[in-house]
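Everything on this sheet refers to the single structure shown next.
The structure presented is a predicted model; accordingly, all values stated were derived computationally and were not measured. Throughout, protein chains are lettered first and strands after them, A, B, ... in sequence-line order, and every chain is numbered starting at 1.
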2 protein chains.
Amino acid sequence: MVEKLQDSYLAAHDQLYRSLRMRIMYGEVSPGQAMTLRGVAEEFSVSVTPVREALKRLAAEGALSISVSGRFQTPALTNDRIEELAALRALIEVELATRALPRAHMALVERLQTINNAISVAVAKADAVTYIRTNLEFHRTLYLRAQAPAMLATVETVWLQMGPTMRALYGRLQRKDPPMHHRLILAALKAGDEPGLRVAVRADVTQGLRMLAR
Amino acid sequence: MVEKLQDSYLAAHDQLYRSLRMRIMYGEVSPGQAMTLRGVAEEFSVSVTPVREALKRLAAEGALSISVSGRFQTPALTNDRIEELAALRALIEVELATRALPRAHMALVERLQTINNAISVAVAKADAVTYIRTNLEFHRTLYLRAQAPAMLATVETVWLQMGPTMRALYGRLQRKDPPMHHRLILAALKAGDEPGLRVAVRADVTQGLRMLAR
DNA sequence: CATGGTCAATTGTGATCACAAATACAAATG
DNA sequence: CATTTGTATTTGTGATCACAATTGACCATG
């Protein structure tokens with residue numbers, strides 16, 4: 001048998017989980033879309049057993065909702081729920097950014113600027129999925145410096161729950177400008193300005209919410 | 001066939017999940033304790049299939065950790081991880097308490113006082129599991145008034161991760177007094193004192209942490 | 001006494017099957 | 001044409017089995 005590299009091997013249900021998680025978090029599926037065990041199993045050429053584990057896990061994280069009869073679908077969030085999730089993002093991400101600030105050196109800021117350029121390109125192309133993915137990559141790259149894995153995992157769960165809805169919102173948002181608040185975040189990082197950073201992160205996280213209140 | 005009440009029926013894996021979740025959250029298992037598919041299956045008289053779903057779900061929520069070879073055990077938290085989880089509790093629970101404050105009427109305060117008495121009894125008996133359960137019930141009862149299900153679910157996940165460790169800490173804590181901060185919380189609720197409430201909740205959540213730093 | 005090796009038992013994984021419930025669709029009925 | 005009924009299909013659930021990898025215990029060797 002071919003020798004497998006330790007970290008190249010993943011159980012089938014774990015590969016499924018990661019693939020589906022990316023689809024949901026980055027808005028590649030729309031809210032309310034159904035997922036069936038046998039449908040996913042056929043697509044990935046596995047049996048239903050690993051699919052069940054992956055879907056159940058996603059449901060446990062709020063990435064999928066389960067109907068009373070046990071069927072899976074991406075959740076269609078109410079406005080109240082969206083407000084709540086945005087508030088959670090604000091709470092946790094402000095803390096993560098604050099913890100990252102003393103560790104944010106120039107190399108990190110440069111990487112963030114590179115990612116920010118990729119976001120601008122996605123905005124120019126009106127590519128919603130790429131926009132969401134690179135935007136979250138911007139935040140994740142910053143927060144990784146906070147050395148707070150539990151907080152990062154928690155906020156990623158929030159991102160996951162908002163994925164399909166963010167995609168649907170992006171359509172009606174009609175973005176034309178690259179992310180303004182990201183520039184404020186970068187400026188505050190360079191200046192070591194903690195209060196400014198907190199305000200900028202909070203504003204960036206809650207900005208999309210205003211479009212919703214109409 | 002006997003008619004089943006809608007909410008009395010639960011799938012086997014869901015019953016398992018709830019039972020094991022309670023065991024973990026309330027500290028009935030110690031950190032590092034192993035759980036095997038066949039062991040749990042035999043205990044609950046089911047096959048391994050529903051057990052796998054329940055354990056995987058708990059692992060996804062951080063209530064169990066999975067070794068490199070796939071075995072399940074309750075996590076043994078590092079001090080850094082405990083500090084992080086306590087910080088998450090502080091962030092989210094202060095927000096939940098703040099949101100609950102305007103809705104906290106006299107009937108709620110009375111229920112909280114009743115629960116608080118039960119906590120005192122558990123402390124007097126040195127019953128760690130009952131102490132943890134009633135203490136969390138105190139917090140949950142208050143936060144339910146916040147009408148913020150996503151935040152409550154998030155903080156419950158944090159409680160879940162800390163369960164076994166809280167139990168282990170309780171032993172070396174040697175509590176003799178009923179919860180002092182709970183009285184401060186109740187006083188702030190009665191007075192409608194938001195700043196005081198925030199300080200009291202934060203102090204209550206982070207109090208156990210001081211015992212650890214030795 | 002410590003260390004390495006061999007073999008049996010344990011453990012998680014994934015496929016398959018039977019089953020019951022829910023759903024979808026078409027035909028029948030008013 | 002709208003509503004209901006009946007049937008076929010779809011769907012999630014749980015049990016069982018084979019398999020590979022890990023673990024653990026016992027024994028031999030230094």
> Does a nitrogen or oxygen in the side chain of B:K56 sit under 4.0 Å from OP1 or OP2 of C:dG12?
Replying inline: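 Answer is no, no contact under 4.0 Å.
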> Reckon B:S69 has a side-chain N or O less than 4.0 Å from the OP1 or OP2 of D:dT23?
Replying inline: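 So the side-chain polar atoms of B:S69 do come within 4.0 Å of the phosphate oxygens OP1 or OP2 of D:dT23, strictly under.
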Can you measure [X] atom [atom1] to [N] atom [atom2] for me and round it to whole angstrom units?
X: B:R57; N: D:dT13; atom1: CZ; atom2: C1'; value: 15 Å
X: A:Q15; N: C:dT13; atom1: CD; atom2: C1'; value: 13 Å
X: A:I66; N: C:dA22; atom1: CD1; atom2: C1'; value: 16 Å
X: A:H13; N: C:dT13; atom1: NE2; atom2: C1'; value: 8 Å
X: A:D14; N: C:dG12; atom1: CG; atom2: P; value: 16 Å
X: A:R71; N: C:dA22; atom1: CZ; atom2: C1'; value: 5 Å
X: A:L37; N: C:dA18; atom1: CG; atom2: C1'; value: 16 Å
X: B:Q73; N: D:dT23; atom1: CD; atom2: P; value: 11 Å

> Side chain of B:F72: nearest nucleotide among C:dG14, C:dG12, D:dG14?
Replying inline: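 Nearest to the side chain of B:F72 among the choices is C:dG12.
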> Which listed nucleotide (D:dT16, C:dG12, D:dT22) is nearest to the side chain of B:S47?
Replying inline: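 Selected nucleotide: D:dT16.
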Closest heavy-atom pair and its distance - [X], [Y]:
X: B:T206; Y: B:A86; answer: CG2-O, 4.5 Å
X: B:I24; Y: B:L160; answer: CG2-O, 3.7 Å
X: B:M25; Y: B:I132; answer: O-CG2, 3.7 Å
X: A:L189; Y: A:A104; answer: CD2-CB, 4.0 Å

> Could one point to a donor on the side chain of A:T49 or the base of C:dA15 with an acceptor on the other under 3.5 Å away?
Replying inline: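 Side chain to base: pair present.
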>> A:H139 vs A:Y143, test: side-chain hydrogen bond (donor to acceptor under 3.5 Å, both in side chains). Steps then yes/no.
In response: CA-CA 6 Å; A:H139 287 265; A:Y143 305 150; 2.9 Å; yes
>> By nearest heavy atom, map A:R52 and B:R38 onto DNA chain C; which one lands nearer the 5' end?
In response: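 Its nucleotide being nearer the 5' end, the pick is B:R38.
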>> Applying a 4.0 Å non-hydrogen cut-off, can you work out what B:V46 is touching in the nucleic acid: base, sugar-phosphate, or nothing?
In response: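 B:V46: backbone/sugar contact only, no base atoms under 4.0 Å.
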